[in-house]
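Throughout, protein chains are lettered first and strands after them, A, B, ... in sequence-line order, and every chain is numbered starting at 1.
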There are 2 protein chains.
Amino acid sequence: MAEGSKRQARKIPEATVARLPIYLRSLLEAAGDGLPTISSERLAELSGFNAAKVRKDLSYLGSYGTRGVGYDVEYLQYQMSRELGLTKDWHVVIAGLGNLGHALANYGGFGDRGFPVAALVDADPRVVGTDINGITVRHIDELDAIAAESQIDIGIIATPASAAQEVADRMIAAGVSSILNFAPTIVSVPAEVSLRKVDLAVELQILSFYQQRRGGAGSTSSLPPETAAAPPAG
Amino acid sequence: MAEGSKRQARKIPEATVARLPIYLRSLLEAAGDGLPTISSERLAELSGFNAAKVRKDLSYLGSYGTRGVGYDVEYLQYQMSRELGLTKDWHVVIAGLGNLGHALANYGGFGDRGFPVAALVDADPRVVGTDINGITVRHIDELDAIAAESQIDIGIIATPASAAQEVADRMIAAGVSSILNFAPTIVSVPAEVSLRKVDLAVELQILSFYQQRRGGAGSTSSLPPETAAAPPAG
DNA sequence: CGCCGCTTGTTCACGTGGTCACAAGCGCCC
DNA sequence: GGGCGCTTGTGACCACGTGAACAAGCGGCG
């Protein structure tokens, strides 16, 4: 069968992709204020970037703006959601129900934003069988069965570092092709799997570096840090 | 008073700074295995980068390697810790004791790595006064007093988005010059304050983008994402 | 004591991303 | 219906980061 439509798959830079969710959040804010259209300048304020970058980023999605007027908030919101793949729900499995995993499982913001938690898994028999936020924790050995019951799109690793690689391997074996890793260790995945990582200790250490450079308690300034993001690793 | 020593403050690229904590973690691993020295190639394996990048990054710290041999693990570890400002403890205050803040407060990994939690603050009177991991939650209005009692170096914002900016402002007023923001909103800080942000929803949406591009359930591959990090915003 | 292999540190070329500036184009007003 | 102001979209330039290739240099062996 041929490709669905004449979708030419314009290549969107990684740096731009990382900003799209921020734009989308800003658009939601603007829509909440009842604004029908928004200019690149205003969107830049809301998202924390500059207007030129906003315009260039949006141009990768297509020419959805109107010169002299701005962007139609609702329409741009729709197009951006579509581009980000947010028109469908992505089912998430959380592995590791320690402090962090527990907090993630209880956090309701995922389901609201189109990422419902479909399953929770752990290896500790004392945790397996308990209920968290209405979901029963199952053993990680059941991962294949869980994936067979319902589609699992994204795996979140909230285990200790020592277990992270094996958990990732099992997720991939079960058909998961996007992984978000919170464990403070390197996880290797094949090229067709996306991997992103969040490491709290690393973030603190980066802050520590810049704070020390400023002279410990803040005197001469050196370089201010602002977080960027890259695309997931294949 | 003149500068302490002939510290010439070589400029380390932001991208390199973001990798230093990863190298340091890899060095700890190597030291745990009892290795006296390590080559750039092996360090590249452990840290997930390539050898050329490792060598270039390390060269910014100085010529701490020995040709034909490699890098002395312990010495490099020390130099890197010093550069990252990890020779002293950085005291952390966590604002917002919801799911995430609670998990962060209970997570012991911070203190171990040189970032002891010095205080917890919240605005909710039902939370103020409770004990978490041996620390009593205080009201956010006491932030100035808390900072006066003991040095506070880094502020972690784990509040709802609506409160984030005000919390940040109060932290800065209390003398905090490094902030890690978990709230899904833009926070503005003056140039002399470092800001980094972690947004779980954004991470998931980036994964969603690449997964959709691959064809939903994974067929043709497009681009794999690997997380990068930038320096904190001033 | 000289040679040889190994690994670093650096240089160079390339690609990506960011910034600026400006022409194109749309809507409104007169 | 024509002109004018406003905002987009894009093209060119520049800085940064990456990747490879190579010379410099150290240690060990004969």
Please find the pair of heavy atoms, one from A:Leu84 and one from B:Gln212, that lie closest to each other, and give the distance.
C-OE1, 4.2 Å

What does A:Tyr64 touch in the nucleic acid at a heavy-atom separation under 4.0 angstrom: a base, only the sugar-phosphate, or nothing?
sugar-phosphate

Closest listed nucleotide, where the reference is the side chain of B:Ser59 and the choices are C:dT10, C:dC22, C:dC26
C:dT10

Is it true that B:Arg213 and A:Glu83 make a salt bridge, defined as a side-chain N closer than 4.0 Å to a carboxylate O?
yes

Indicate, yes or no, whether a donor-acceptor pair under 3.5 Å links the base of C:dT19 to the side chain of A:Lys53.
no

Side-chain-base donor-acceptor pair under 3.5 Å for A:Arg67 and D:dT8
yes

Please report, rounded to the nearest Å, how far the P atom of D:dG17 is from the CZ atom of B:Arg19.
9 Å

Assign each of B:Gly62 and A:Asp57 the nucleotide of DNA chain C bearing its closest heavy atom; nearer the 5' end lies the nucleotide of B:Gly62

A:Leu61 has an atom CG; how far is it from atom P of D:dT8, in whole Å?
14 Å

With a 4.0 Å limit, can you tell me whether B:Asn50 has a side-chain N or O closer than that to the phosphate oxygens OP1/OP2 of D:dT18?
no

Using every non-hydrogen atom in the two residues, find where A:Ile152 and A:Ala118 come nearest and quote the distance to one decimal.
CD1-CB, 3.9 Å

Interatomic distance where CD belongs to B:Glu41 and P belongs to C:dG9 [whole Å]
15 Å

Should B:Ser40 be listed as having a side-chain N or O under 4.0 Å from OP1 or OP2 of C:dT8?
yes

By nearest heavy atom, map A:Gly68 and A:Ala52 onto DNA chain D; which one lands nearer the 5' end?
A:Gly68

Output the rounded distance in Å from NZ (B:Lys56) to C1' (C:dA13).
11 Å

Does the side chain of A:Tyr60 get closer than 4.0 angstrom to OP1 or OP2 of C:dG17 through an N or O atom?
no

Calculate the interatomic distance between B:Leu76 atom CG and C:dT8 atom P; express it in whole Å.
11 Å

Could you check whether B:Tyr64 and B:Tyr71 have their ring centres less than 6.0 Å apart?
no

Electrostatic pair B:Glu29-B:Arg25, nearest N-O below 4.0 angstrom
no

Separation of D:dA20 P from B:Phe49 CZ (nearest whole Å)
16 Å

Looking only at the side chain of A:Ala15 (C-beta and beyond, no hydrogens), which of the listed nucleotides C:dT8, C:dG17, C:dG9 gets closest?
C:dG17

Nearest-Å distance for atom pair CG/P, residues A:Leu58 and D:dT8:
9 Å

In whole Å, I'd like the distance from the CG atom of B:Asp72 to the C1' atom of C:dT7.
15 Å

